[in-house]
**Q** 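Let me begin by handing over the structure; questions about it come next.
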Amino acid sequence: MRTDLGESTDLAVVDRLVHVSGLNLIEVGCAGGDTVRQLAERGATVFGVEPDPVQAEKNTSQPPSPNVTFVEAGGEALPAQDGAADGVLFFRSLHHVPAVLMDTALREAARVLKKDGFLYAVEPSMEGSNFAMMRPFNDETEVRTLAQQALDRTAHALFEEEARYVYMRHIRHSDFESMVERYISRSFNRIPRDMIDVPQVRKSFAAARTEDGYVFDQPMLVNMYRRPRA
């Protein structure tokens, strides 16, 4: 069973579940680093790990932010000492880890955590209008399923405590072109325009029109684990 947290944003849920001020955190698969910076603004010291070399270069070339460090690395080999972190977070990134390395990445998270540390993994479910709109050009059914299986199989055994939550995240686009640009601009998951700009996707996109742009529902699944086993 999952506790339903209602409509929310990624960081609002973190704020409800853990007080991050003063903590040493690692975000695995940090993409452009927005969440890293938001966590740092809340008083945490954050290590942003990104495996894609193009995105990692963009991160490290940005002007420095207080309490933020970016590095190129994969979740399966975190550049951190044993017991160094208070928390390791995966924001929609575990399903991007190669399937054969998902279990290793979860074991790495447990390795770098302090005795009272936590692992926070949030993954999109395979429901909602956003998943339906994306599916013709970016069907993540298999990798999202594998990520949940890895959590059930490996993370569950690595920690003494586990809690599960669900919340509804809303994804907004001003128009179809901005949605297309969002996907084709990602160096870590690039998708060609001609896969997105097809009648089926345009129809799903048009159905999500509101007075506030085009709004899509995406249920998010949170697995939170505390106190890694010795």
**Q** So do the side chains of Leu94 and Leu151 get within less than 4.5 Å of each other, counting heavy atoms only?
**A** yes
**Q** In sequence, state the C-alpha distance, the side-chain angles, and the governing distance for Leu106 and Leu119, and then conclude on side-chain contact (heavy atoms from CB on, under 4.5 Å).
**A** CA-CA 9 Å; Leu106 294 172; Leu119 167 63; 4.0 Å; yes
**Q** Are Met134 and Met168 linked, directly or through intermediate hydrophobic residues, by side-chain heavy-atom contacts shorter than 4.5 Å (ILVMFWY only)?
**A** no
**Q** Quick one: OG on Ser93 to CD on Glu27, what's the gap to the nearest 0.5 Å?
**A** 6.5 Å
**Q** Say whether Val166 and Leu89 are linked into one hydrophobic cluster, either directly or through other cluster members, by side-chain heavy-atom distances under 4.5 angstrom.
**A** no
**Q** Any heavy-atom pair between the side chains of Phe91 and Val28 that's under 4.5 Å?
**A** no
**Q** Please say whether the positively charged group of Arg172, taken as NZ for Lys or CZ for Arg, lies over the ring of Phe216, i.e. under 6.0 angstrom from the six-membered ring centre and within 45 degrees of the axis.
**A** no
**Q** Set out, in order, the CA-CA distance, both residues' side-chain angles and the distance that settles side-chain contact (heavy atoms from CB on, under 4.5 Å) for Phe137 and Val201, then state yes or no.
**A** CA-CA 8 Å; Phe137 63 87; Val201 176; 3.8 Å; yes
**Q** Within the 4.5 Å heavy-atom criterion, are Leu25 and Phe47 side-chain neighbours or not?
**A** no
**Q** With a 4.5 Å cut-off on side-chain heavy atoms, are Gln148 and Glu123 touching?
**A** yes
**Q** Report the distance from atom CD of Gln218 to atom CE of Met126, rounding to the nearest 0.5 Å.
**A** 10.0 Å
**Q** Is it the case that one hydrophobic cluster holds both Val54 and Val71, taking links as side-chain heavy atoms less than 4.5 Å apart, direct or via other members?
**A** no
**Q** Working to the nearest 0.5 Å, report the span between CG of Asp217 and CD1 of Ile171.
**A** 9.0 Å
**Q** Would you mind checking if Glu142 and Arg144 are paired as a salt bridge, meaning a charged N to carboxylate O distance below 4.0 Å?
**A** no
**Q** side-chain contact (heavy atoms from CB on, under 4.5 Å), that's the test. Do Val18 and Met224 meet it? Break it down for me.
**A** CA-CA 10 Å; Val18 60; Met224 189 165 186; 4.0 Å; yes
**Q** Do NZ/NE/NH1/NH2 and the carboxylate oxygens of Glu160 and Arg229 come within less than 4.0 Å?
**A** no
**Q** Can you check whether Thr154 reaches His156 side chain to side chain, under 4.5 Å on heavy atoms?
**A** no
**Q** When rounded to the nearest 0.5 angstrom, what distance separates CD in Gln38 from CD in Glu41?
**A** 6.5 Å
**Q** Tell me yes or no: between the side chains of Thr141 and Asp139, is some donor less than 3.5 Å from an acceptor?
**A** yes
**Q** Is Glu161 close to Tyr225 at the side-chain level, that is, under 4.5 Å between some pair of heavy atoms?
**A** no
**Q** Strictly distance-based, threshold 3.5 Å: is any side-chain N or O of Arg16 a donor or acceptor partner for the main-chain N or O of Ala12?
**A** no
**Q** For Pro219 and Gly128, work out which heavy atoms get closest and say how close.
**A** CD-CA, 3.9 Å
**Q** Got a salt bridge between Arg226 and Asp116, using NZ or NE/NH1/NH2 to carboxylate O under 4.0 Å?
**A** no
**Q** To the nearest 0.5 Å, tell me how far Cys30 SG sits from Asp52 CG.
**A** 10.5 Å
**Q** Tell me whether the rings of His173 and Phe205 are parallel (<30°), tilted (30 to 60°) or perpendicular (>60°).
**A** tilted
**Q** Salt bridge check, Arg92 against Asp10: does any charged N sit closer than 4.0 Å to a carboxylate O?
**A** yes
**Q** State plainly whether one hydrophobic cluster holds both Val198 and Tyr214, where clusters connect Ile, Leu, Val, Met, Phe, Trp and Tyr through side-chain heavy atoms under 4.5 angstrom apart.
**A** yes
**Q** Quick one: are Ser21 and Arg42 in side-chain contact, heavy atoms under 4.5 Å?
**A** no
**Q** What are the two closest non-hydrogen atoms of Gln55 and Ser187, and how far apart are they?
**A** N-OG, 3.7 Å
**Q** Taking atom CZ of Arg164 as the centre, report whether more than 12 heavy atoms of other residues, nucleotides or ligands fall under 6.0 Å from it.
**A** yes
**Q** Would you check, one step at a time, whether the test side-chain contact (heavy atoms from CB on, under 4.5 Å) holds for Val46 with Thr69?
**A** CA-CA 6 Å; Val46 193; Thr69 302; over 6 Å; no
**Q** Locate the shortest heavy-atom distance separating Val49 from Ala73; write the atom from each residue and the value.
**A** CG1-O, 3.1 Å
**Q** Ignoring hydrogens and angles, tell me if any N or O in the side chain of Arg2 forms a donor-acceptor pair with the backbone of Val222 under 3.5 Å.
**A** yes
**Q** Would you name the heavy atoms of Val215 and Ser129 that are closest together and state the gap between them?
**A** O-OG, 4.5 Å
**Q** Kindly give the heavy-atom pair with the smallest separation between Glu72 and Ala56, and that separation in Å.
**A** CB-CB, 3.6 Å
**Q** Would you check if the side chain of Asp197 reaches a backbone N or O of Val180 as a donor-acceptor pair within less than 3.5 Å?
**A** no
**Q** Report the residue from Arg227, Lys115, Lys114 that forms a salt bridge (Lys or Arg N to Asp or Glu O under 4.0 Å) with Asp86.
**A** Lys114
**Q** Less than 4.5 Å apart, side chain to side chain, heavy atoms only: is that true for His170 and Glu7?
**A** yes
**Q** Looking only at non-hydrogen atoms, find the nearest pair between Gly29 and Pro51 and report the distance.
**A** CA-CD, 4.2 Å
**Q** Do Phe90 and Tyr120 have their ring centres less than 6.0 Å from each other?
**A** no
**Q** Give a yes-or-no answer on whether the side chains of Asn223 and Tyr165 include a donor-acceptor pair shorter than 3.5 Å.
**A** no
**Q** Counting N and O atoms only, with roles assigned by atom type, does the side chain of Glu76 sit under 3.5 Å from a partner on the main chain of Met102, one being a donor and the other an acceptor?
**A** no
**Q** Measure the spacing between CD1 of Ile26 and CD of Glu108 and express it to the nearest 0.5 Å.
**A** 9.0 Å
**Q** In terms of hydrophobic clusters joined by side-chain contacts under 4.5 Å, are Leu11 and Val122 together?
**A** yes
